[in-house]
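In the text below, chain A, chain B and the rest are named by the order of the sequence lines, each starting its count at 1.
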Protein chains: 2
Amino acid sequence: MSTPPISRRARPAKAPLSRDVIVRTGLDILDRDGLDALTMRRVAKELDTGPASLYVYVANRDDLMAAMLDEALGRVPLTADGTWRDQIHALANATVEAMSRHEGLATVALGAIPTSDNALLVLDRMLALLKQGGLDDTTAAWAVDLIYLHLAAAAAEESAYTTKGGEEDDTIAAADRRYASLDPRRYPMITSLRQALFSPGDRDAWGLNVLINGILHTPAG
Amino acid sequence: MSTPPISRRARPAKAPLSRDVIVRTGLDILDRDGLDALTMRRVAKELDTGPASLYVYVANRDDLMAAMLDEALGRVPLTADGTWRDQIHALANATVEAMSRHEGLATVALGAIPTSDNALLVLDRMLALLKQGGLDDTTAAWAVDLIYLHLAAAAAEESAYTTKGGEEDDTIAAADRRYASLDPRRYPMITSLRQALFSPGDRDAWGLNVLINGILHTPAG
DNA sequence: ACCTGAACACCGTTCAAGT
DNA sequence: ACCTGAACACCGTTCAAGT
């Protein structure tokens, strides 16, 4: 049952290794099989080599994941049409989507001050919009931090619900059942507001508007 | 060099295994040696047993971490003095502290709808405060979600900066140097606002006030 | 310079066998 | 019922040796 060795000539040309191809392969694996499948060994296998070979281009797994996040953020469109608010929403939504689309990447964003090329491009664009809104320098600066943190968190949450094995609806239904079974004496507010807690609606848009309105009403410093 | 077996009588009484003692041992390891050290095998060793024994009380590593988060949240004081705003800040700060104090726990909170006893207690208390502030049911419900998400994210960030090997100041200084070396043509806003981006001040308190003010100005639904 | 086989020092989890 | 030794099927990373 063993395959005879195939001469280099005979088999399809092996793509040369590079940081870029490693990063893109990592993203593919993440999308196809999730975070647990993203191992150095799996990336190597996909590239028809051994894990040791990756370390020429990538310092370690964390470095690879940071590069993958940057690659994902590179696909965020930096400009949009519409009102000032529309443009902020468009940039925010695209950023959340870019992160949440690939399981586990949002967590990487939460773990470090953004310094990668494409993260900084998103930040620069958001900063331009905030300044356009008439904010002073300090408020705009603090605001961009806060918004980026919020987007990463929203992406992490969405990514977790969407990916984690089962369906998103199952997760919510299970939580709803749990809330329904709580002792009203111990959890009076949750029990009485349960309807509202699980009420449908565009919470992402609302959350971003809360941030925008709050920033407009809260000078920093 | 090998130690002779000690009779059961002679050695100190081995604490009986229980979910609680496993959870607390996990928290201890997290505090002493960080997230990477928190392995099932390490917890077992600390309890003088084998890893297989843990699975009687804990479904798997994720279950253990969820239980650890709940234990940490159980230490949050649920009441405080002062104005309405003071009370929200106190509850929020205590929650962030409880999470960020133990590396990696905040990420657990980000990955699931809160359903554990002590998380729900924090939520219930926050909900009471929000309703006290005059919010309608839907806004209060969406707001508590948003605030909890923000607190978990803030804790994750703080935890990452504080713990990640080196000092927090080093991380910031490195980011500052990176920002200083950016091409102003590609990153016009970041370069011109660099001072403001790294300006000192209580960003946590400001961020929470942004949320509170935004919620007060943004009805849900 | 780039690549790799083999090894090192680990993991989480399961399961049959013990008490 | 509770506990465990041993095993299974993996990990990330290093390093000496090759080209």
remark   = Contacts of R42(B) and A52(B) projected onto DNA chain C by closest heavy atom; the upstream (5') one is R42(B)

request  = Output yes when R178(B) and D117(A) qualify as a salt bridge under the 4.0 Å nitrogen-oxygen rule, no when they do not.
outcome  =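 Yes.
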
Under-4.0 Å salt bridge between D28(B) and R24(B) = no

query = M40(B) has a side chain; which of dT13(C), dT14(D), dC3(D) sits nearest to it?
reply =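 Ranking dT13(C), dT14(D), dC3(D) by closest atom to the M40(B) side chain puts dT13(C) first.
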
request  = Compare the minimum distances between each of dC11(D), dT4(D), dG12(C) and the side chain of T39(B), then state the nucleotide with the smallest one.
outcome  =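 The answer is dG12(C), which lies nearest to the side chain.
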
query = Should Y57(B) be listed as having a side-chain N or O under 4.0 Å from OP1 or OP2 of dC3(D)?
reply = yes

ask   = On DNA chain D, nearest-nucleotide positions of A59(A) versus A37(A): which is more 5'?
value =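 This one resolves to A37(A).
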
query = Is there a side-chain contact between W142(B) and T138(B) (heavy atoms, below 4.5 Å)?
reply =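 Yes; the side chains approach each other to less than 4.5 Å.
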
ask   = Heavy atoms, side chains only, cut-off 4.5 Å: are R125(A) and Q87(A) in contact?
value =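 A side-chain contact under 4.5 Å exists here.
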
Euclidean distance, atom [atom1] of residue [X] to atom [atom2] of [N] [Å, nearest integer]:
| X | N | atom1 | atom2 | answer |
| --- | --- | --- | --- | --- |
| D33(B) | dC11(C) | CG | C1' | 17 Å |
| L54(B) | dC2(D) | CG | C1' | 13 Å |
| L38(B) | dC11(C) | CG | P | 11 Å |
| D62(B) | dC11(C) | CG | P | 17 Å |
| D63(B) | dT14(C) | CG | P | 12 Å |
| D48(A) | dC2(C) | CG | P | 20 Å |
| N60(A) | dC15(D) | CG | C1' | 17 Å |
| M65(B) | dC11(C) | CE | P | 15 Å |

query = Step by step, would you call R19(A) with D63(A) a salt bridge (Lys or Arg N to Asp or Glu O under 4.0 Å)?
reply = CA-CA 11 Å; R19(A) 193 176 161 88; D63(A) 182 40; 3.2 Å; yes

request  = Determine which nucleotide pairs with dC2(C), using a 3.5 Å limit on both distances of a Watson-Crick or G-U wobble pair.
outcome  =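 Pairing partner: dG18(D).
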
ask   = Now, which nucleotide makes the Watson-Crick or G-U wobble pair with dA9(D), with each of the two distances under 3.5 Å?
value = none

inquiry  = Over all strands shown, is R41(B) touching base, sugar-phosphate only, or nothing at heavy-atom distances under 4.0 angstrom?
reply    = base

message = Under 4.0 Å, counting only non-hydrogen atoms across every strand here, what does S53(B) touch: a base, just sugar-phosphate, or nothing?
response =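 The residue S53(B) makes base contact.
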
key: C1' gap between dC8(D) and dC11(C), integer Å   =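 About 12 Å, rounded to a whole number of Å.
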
